[in-house]
2 protein chains.
Amino acid sequence: MESDIQSEKVALVREIMGRVADKWTLIIIDILAEEGELRFTRLREHVGGVSQKMLTQTLRQMERDGLVTRRVYPVVPPRVDYKLTPLGESLGEAVCSMWLWVEKNFEDVIRARQAFALQSPPVPGPSIP
Amino acid sequence: MESDIQSEKVALVREIMGRVADKWTLIIIDILAEEGELRFTRLREHVGGVSQKMLTQTLRQMERDGLVTRRVYPVVPPRVDYKLTPLGESLGEAVCSMWLWVEKNFEDVIRARQAFALQSPPVPGPSIP
DNA sequence: CCGCATCCGGAGAGATACTG
DNA sequence: CAGTATCTCTCCGGATGCGG
């Protein structure tokens, strides 16, 4: 069946979507898009709140997927620079629209959450001490 | 410090980004955007490969965040319809640009992975039987 | 001193089986 | 048919070790 090929593609597309839409990947792309080339520790500072392990892991994946280049300088304190590839930059534009949406609408989400909390009193037995 | 407010906002924005860029959320938004209103099982069929639990959980979150409406019909076999809110629809446009990017560029990602695999022979000892 | 790999413990994703 | 409870297993973060 041809639909096997189709579902194969769909699975692949979804898998890549899952990687590309990863939390740290989105942040890293956003940062590298406006900072250009950065070395590991600088990038870590910009990201904030990420463990070296996750950062390394994510960058590895991104390198594997052709989103970033990884340049290693064989110097005494090791130095590794990361930078978006053209592919990564093109993704950056799509990612940007997501960030813009969140920036623009996050207050609505907050309000929705508050409204939802009101009509769904979860745990706290209110008043009457 | 005012930067406390700033970092507070950043954390919030990132948290919402994390929710909104969730794998299942992206798929659900994409489907509801083009199918309109769907009941639970229909939606489950369209998504494909998702457990009821994950679907329920994700839809709950989306309802909480004001992205979908959840209408329950008090009938004998329970019936629940899900539909994007205006907020969800506006997100749908941003999400669409992500899907378009993946559709357009996933073959480049595949190629990048193959190229990466070649220069990084991980485990498999090649040839020589 | 910088970047990376590994081991371990806890938290959360996820599928299966059951309930109204 | 929609949702919940239980169990499993992966993933993430911190500490450690190492090589340059």
Side-chain angles (χ1 to χ4, degrees), chain A residues 11 14-28 31-32 35 37-65 68-83 116 119-123, chain B residues 11 14-28 31-32 35 37-65 68-83 116 119-123:
Chain A
R14 284 190 180 181
E15 193 270 333
I16 293 176
M17 183 58 150
R19 285 250 18 92
V20 145
D22 169 71
K23 175 187 174 183
W24 297 121
T25 303
L26 291 172
I27 295 177
I28 291 170
I31 292 174
L32 289 183
E35 297 291 331
E37 196 164 19
L38 280 158
R39 60 186 297 182
F40 188 85
T41 305
R42 292 283 163 276
L43 181 55
R44 183 153 158 40
E45 290 169 2
H46 274 80
V47 174
V50 66
S51 64
Q52 17 10 348
K53 183 186 175 181
M54 272 320 292
L55 187 55
T56 302
Q57 198 174 90
T58 305
L59 287 169
R60 273 265 195 285
Q61 281 287 347
M62 294 176 70
E63 187 196 4
R64 174 173 178 257
D65 293 345
V68 299
T69 58
R70 177 172 175 272
R71 284 201 299 187
V72 182
Y73 298 83
V75 290
V76 191
R79 166 175 181 162
V80 184
D81 284 12
Y82 292 93
K83 175 170 165 293
F116 186 83
Q119 50 183 305
S120 303
V123 176
Chain B
R14 284 190 180 179
E15 193 269 333
I16 292 176
M17 184 59 148
R19 284 249 19 93
V20 144
D22 171 70
K23 175 187 175 184
W24 297 122
T25 304
L26 291 172
I27 296 177
I28 292 171
I31 292 174
L32 288 183
E35 298 291 331
E37 195 164 19
L38 248 50
R39 59 188 295 181
F40 190 86
T41 305
R42 292 281 163 275
L43 180 56
R44 182 154 157 45
E45 291 169 2
H46 275 80
V47 173
V50 66
S51 64
Q52 330 74 311
K53 182 192 174 179
M54 277 318 295
L55 188 55
T56 302
Q57 198 174 87
T58 305
L59 286 169
R60 274 259 199 286
Q61 282 287 346
M62 294 176 70
E63 186 197 3
R64 175 173 179 257
D65 292 346
V68 298
T69 58
R70 178 172 174 272
R71 282 202 299 187
V72 182
Y73 297 82
V75 291
V76 192
R79 168 178 182 159
V80 184
D81 285 11
Y82 292 93
K83 174 171 167 290
F116 187 83
Q119 49 182 305
S120 302
V123 177

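Each chain gets a letter, A, B and so on, in the order the sequences are listed, and its residues count up from 1. What you see below is based on every heavy atom in this structure, not just the backbone, and it leaves out hydrogens, waters and symmetry mates. All values derive from a computational prediction rather than experimental measurement.
Here A:Tyr73 lies out of heavy-atom contact (under 4.0 Å) with every strand. Within the 4.0 angstrom heavy-atom criterion, no nucleotide atom of any strand lies near A:Arg42. Using a 4.0 Å heavy-atom distance criterion, A:Val76 is classed as a base contact. Within the nucleic acid shown, B:Arg44 has no heavy atom closer than 4.0 Å to any nucleic acid atom. Using a 4.0 Å heavy-atom cutoff across all strands shown, A:Arg60 reaches sugar-phosphate atoms only and no base atom.
Atoms CD (A:Glu63) and C1' (C:dC4) sit 13 Å apart, rounded to a whole Å. If you take CZ of B:Arg79 and C1' of D:dG3, they are 17 Å apart, rounded to a whole angstrom. One can place CD of A:Gln61 at 12 Å from P of C:dA5, the figure rounded to the nearest angstrom.
Phosphate proximity of C:dC4 to A:Arg70: present, with a side-chain N or O under 4.0 Å from OP1 or OP2.
Around the CZ atom of B:Arg42, the shell of radius 6.0 Å holds no more than 12 heavy atoms that belong to other residues, nucleotides or ligands.
The heavy-atom pair separating B:Val75 from B:Pro77 by the smallest distance is CG2-O, 3.1 Å. When every heavy atom of B:Ala21 is checked against every heavy atom of A:Leu26, the shortest pair comes out as CB-CD1, 3.6 Å. Pairing each heavy atom of B:Asp81 with each of B:Arg39, the nearest pair is OD1-CB, 3.3 Å. Minimum interatomic distance between B:Thr58 and B:Trp24 (heavy atoms only, all atoms of both residues): OG1-CB, 3.8 Å. Residues A:Ile31 and A:Leu38 share a closest heavy-atom pair of CG2-CD1, 3.9 Å.
Residues satisfying the side chain to side chain contact (heavy atoms under 4.5 Å, CB included) criterion with A:Arg44, sequence neighbours excluded, are A:Phe40, A:Val50, A:Gln52, A:Leu55.
Within residues 45-58 of chain A, the residues that have a heavy atom under 4.0 Å from DNA chain D are, in order of number, A:Ser51, A:Lys53, A:Met54, A:Gln57. Remark: B:Trp24 in residues 14-28 of chain B come within less than 4.0 Å of DNA chain C through at least one heavy atom.
Side-chain atoms of B:Thr25 and B:Arg19, non-hydrogen and from C-beta on, do get closer than 4.5 Å to each other.
Cation-pi geometry between A:Arg79 and A:Tyr73 is met: under 6.0 angstrom from the ring centre, within 45 degrees of the axis.
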